[in-house]
Every structure is written in structure tokens, then in C-alpha cells.
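Accompanying notes for the structure given below.
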Protein chains: 2
Amino acid sequence: MNTAAMSLGERARQYSPAQRRTIDAALALFVDRGVGDTSLQMIANDVGVTKAAIYYQFKTKEEIVLAVAEVELSGLEEAVDTALGMGGSIQARQWLLARVIDLTVSRRRAVGTLLSDPVLVRYLNEQELYQRLMSRLLAVLFGHEVGDKARVRAAVLAAGMGSVSNHFVLDVDDDTLRRELLEVLRPLLPDDS
Amino acid sequence: MNTAAMSLGERARQYSPAQRRTIDAALALFVDRGVGDTSLQMIANDVGVTKAAIYYQFKTKEEIVLAVAEVELSGLEEAVDTALGMGGSIQARQWLLARVIDLTVSRRRAVGTLLSDPVLVRYLNEQELYQRLMSRLLAVLFGHEVGDKARVRAAVLAAGMGSVSNHFVLDVDDDTLRRELLEVLRPLLPDDS
DNA sequence: GTCTATAGAATGATAGAC
DNA sequence: GTCTATCATTCTATAGAC
């Protein structure tokens, strides 16, 4: 299988049940301890197998980290591709923002880790697939604006997504969080006069 | 010295030059590798001394992490106290937001780590001094509003501060970043009609 | 596919010489 | 204050039995 040519969604769907168990346990640990502070021993303990069994599923720790990211990001990739299919219109832009907020809220426990864990972010930035995904996302949301104003707004928008894992909003239900986030973040897009 | 009763600023000013060298090196490593992936050996190497010399300055790794946070957060504490001295007015609220943005931009390299490093955040949340600082900050910015709307806005505001370490804004100069951030984040405060 | 056993390196931390 | 030397522990990763 030529995994190099596959999309995130295709890759994510290829994992066996045993690999999924490893990915789920790893995600939970990454979320509350950070990647750098999570060992393969901890993951093995939580899955209920030995460390060697984990190494049978994944060759290295980095592979586990990337698998976690693939599973979490596959929905985002699909959304960006759909928006691109709608053309670069303002409607596509508005739709994508709403869709990204939906995904972000539904994955709220993991989002903080995906956006800001130093080890995870480093691994992701080395992946061309991820770089291309982010630049497509940015292209739909901000068009060809590249000035300081657009850069700051894009950065605040990205950071704002991470707010869903803030403990301030722990008790806010999903629907309310989606609605309020959209109201607060939509003004950051260009051409929203 | 009764360090338990001291403010962050007082604590930060007590560190010796040798301790400051350790704190500076640790901060730089924490910023680009994360706390959990930074070892005392790396810090010692960067300072140019042995690991044992670092242990002479700080008893544990946790002490180093907290010292880094104290130094970075002492300005914030001062700002919050000044705002509280102005009374709970709307002017105090506006002034504090601008001041926090100033501090955030001036420490832009470290802000992402302070806001989101899992290990650092865990240590900080165990400190009552930090908890009190955050609740005072929140009280000035959002008064006594505690509804879902205010919670989401507070979370977005906090996350928005972290945007200054996003690589999108790496080339934006400090003054522009300050100005644009203020424009984008001010509408999140209550009573801003 | 999961195990035991282990290699080899690095970790946080300490003792004691200078 | 900084060093060397060392401790016990943990780490990632592998080899080979079942």
C-alpha cells in the first residue's frame, strides 16, 4: 500500500482494531499529560498489554503520535476539500468556518493538544500533507489576503479554536458553544461587512 | 525568607545571576521543545555547566519550571493589581486589556508555552497564587458575568493571547500586532456597545 | 499477536572532593 | 559553586520464545 499518496482519511481508516485501541489510549494520555511526558509504558498499561505488543502495532513513538493526529484531522481534510469544491466564494468561506467549528467542538477534548502540544506540533509540521492541508484551509478562509491584518486575524482564529478545551467552557453544552463561537469568530473573516 | 507570602514579582527579583542564567536557558528550551521533553542535562549543556551545578541552584525540575513562570508572569500580576486599584470600572477593564496585550506581545515567544504547555499548566494550576491571579484578572475583565456567553468570550480572549506565538504573525512588528489584537479582542469584553 | 528478557542510553537526583 | 562519580529508575527499542 502506497501510504505516501493517501489522504488522512484513507490512512485513518486503515488502522486495525488493535491499533485503534492504542491510538485511543495514546490520545487520552497525550491530552492530559502532553506527548513529551507520555511513555510507551503508560500507553501499554492503559491498553492492557505489554510494551512489546505496542511495538508490534507501531514501529516508533512518532508513528503513534502521527496516527493520533491523522484520525483527529481526517474530518478537517474532508471539510476543506468540500469547501474548495464550492469554489473560492464567500459562501464557501462561511460554510467552512461553521464546519470547522462543528468539528472543533465535537473533538473539544483533543483540540488543545493538536493545536499546541510542542512535540505533536513539531512532528506535524514535518509532514507535507499537513502543511498542504493548512495552506488550503487558509486559502479558503482568507483568500489571497496576506497583509498584517489578515495574518493577525488568522492567528486569532486558529487560537480561538483552541478555546474549546479551556476549562472555562467545560460546562457549556456543545450547541451553545458552537453558536457563541461562530458569533465571536465570524467577524474575523475578511469581506464580512 | 517567607517565600510563601511573597508576590510573583518579589519572588522573581530574588533570583541570583546564576539562577537567572538557568531560568533563561530553561525558558528557551521549554519554548521550542516543551517542558516534558526538556531534560536537566539539556539545560545544563546550554548554560555551560554540569547537571550537578544546576541542582545547586534549584532542588528539582519543578522548581525551575515555576521559576520560569514567576519571571514571565510577574508583569501580569502588577497589571492586575493596578487595575483593581482603579476600581471595577469600565475604564479599568479597558486599560487592563490593553496592558495585558502589551505584556503578551512583549513576551510573544514565551506566551504559547505559558498558556498551553501541559506540564507547565499542570504545575501552575497547583499554585494558589496563580489561581488567585487568574480569578482577579477574570473579575476585572468580565465583572460578575458568569453565563455561557461570558465564559466563551473569556476562553476566546485567553486563547487569543496565545495567537502572538503563532508563526503566521512572526513577521508582524510589535506595534502593529498590539494594535490589531486590541481591535480584534476588545469586542469580546462585556459592556462594549 | 502477545509474551519474557534484555540491551543500551538517558533520566532525575545525591554524595562528597576540590 | 562547580566538579566527578554514581545511584536507582525509566526510557525507546529489539530478539526470540510461545
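Everything quoted here is computed from the prediction, not taken from an experiment. A note on names: the letters A, B, ... follow the listed sequences, proteins ahead of strands, and every chain is numbered from 1.
Atom C1' of nucleotide dT11(C) and atom CD1 of Ile54(B) are separated by 15 Å, given to the nearest angstrom. Rounded to whole angstrom, the span from the CG atom of Asp37(A) across to the P atom of dA10(C) amounts to 19 Å. We find that CG of Asn45(B) is positioned 13 Å from C1' of dT11(C), with the value rounded to whole Å. One interatomic measurement links the two molecules: OH of Tyr55(B) to P of dT11(C), which rounds to 11 Å at whole-angstrom precision.
Among dT12(D), dT11(C), dC11(D), the nucleotide with an atom closest to any side-chain atom of Gln41(B) is dT11(C). Checking dT11(C), dT12(D), dA13(C) against the side-chain heavy atoms of Leu40(B) singles out dA13(C) as nearest. You'll find that the side chain of Lys61(A) is closest to dT12(D), out of dA13(C), dC11(D), dT12(D). The side chain of Met42(A) approaches dC11(D) more closely than any other nucleotide in the set dC11(D), dT12(D), dA13(C).
Looking only at distances, no side-chain donor or acceptor of Arg107(A) sits under 3.5 Å from a matching main-chain atom of Val111(A).
In Gln19(B), the CD atom is crowded: over 12 heavy atoms of neighbouring residues, nucleotides or ligands sit closer than 6.0 Å.
For Glu180(B) and Arg153(A), the salt-bridge test passes: some basic side-chain N is under 4.0 Å from an acidic carboxylate O. Between Arg122(B) and Asp117(B), no side-chain nitrogen of the basic residue sits less than 4.0 Å from a carboxylate oxygen of the acidic one, so the salt-bridge criterion is not met. With salt bridges taken as basic N to acidic carboxylate O contacts below 4.0 Å, one links Arg178(A) and Asp175(A).
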Enumerate all atom pairs, one protein N or O and one N or O from nucleotides 2-4 of chain C, separated by less than 3.5 Å.
unit_1 : atom_1 : unit_2   : atom_2 : d
dT2(C) : OP2    : Gln57(A) : NE2    : 3.2
dC3(C) : OP2    : Thr50(A) : N      : 2.7
dC3(C) : OP2    : Thr50(A) : OG1    : 3.0

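The side-chain heavy atoms of Ile64(A) and Ile54(A), taken from C-beta on, include a pair separated by under 4.5 Å.
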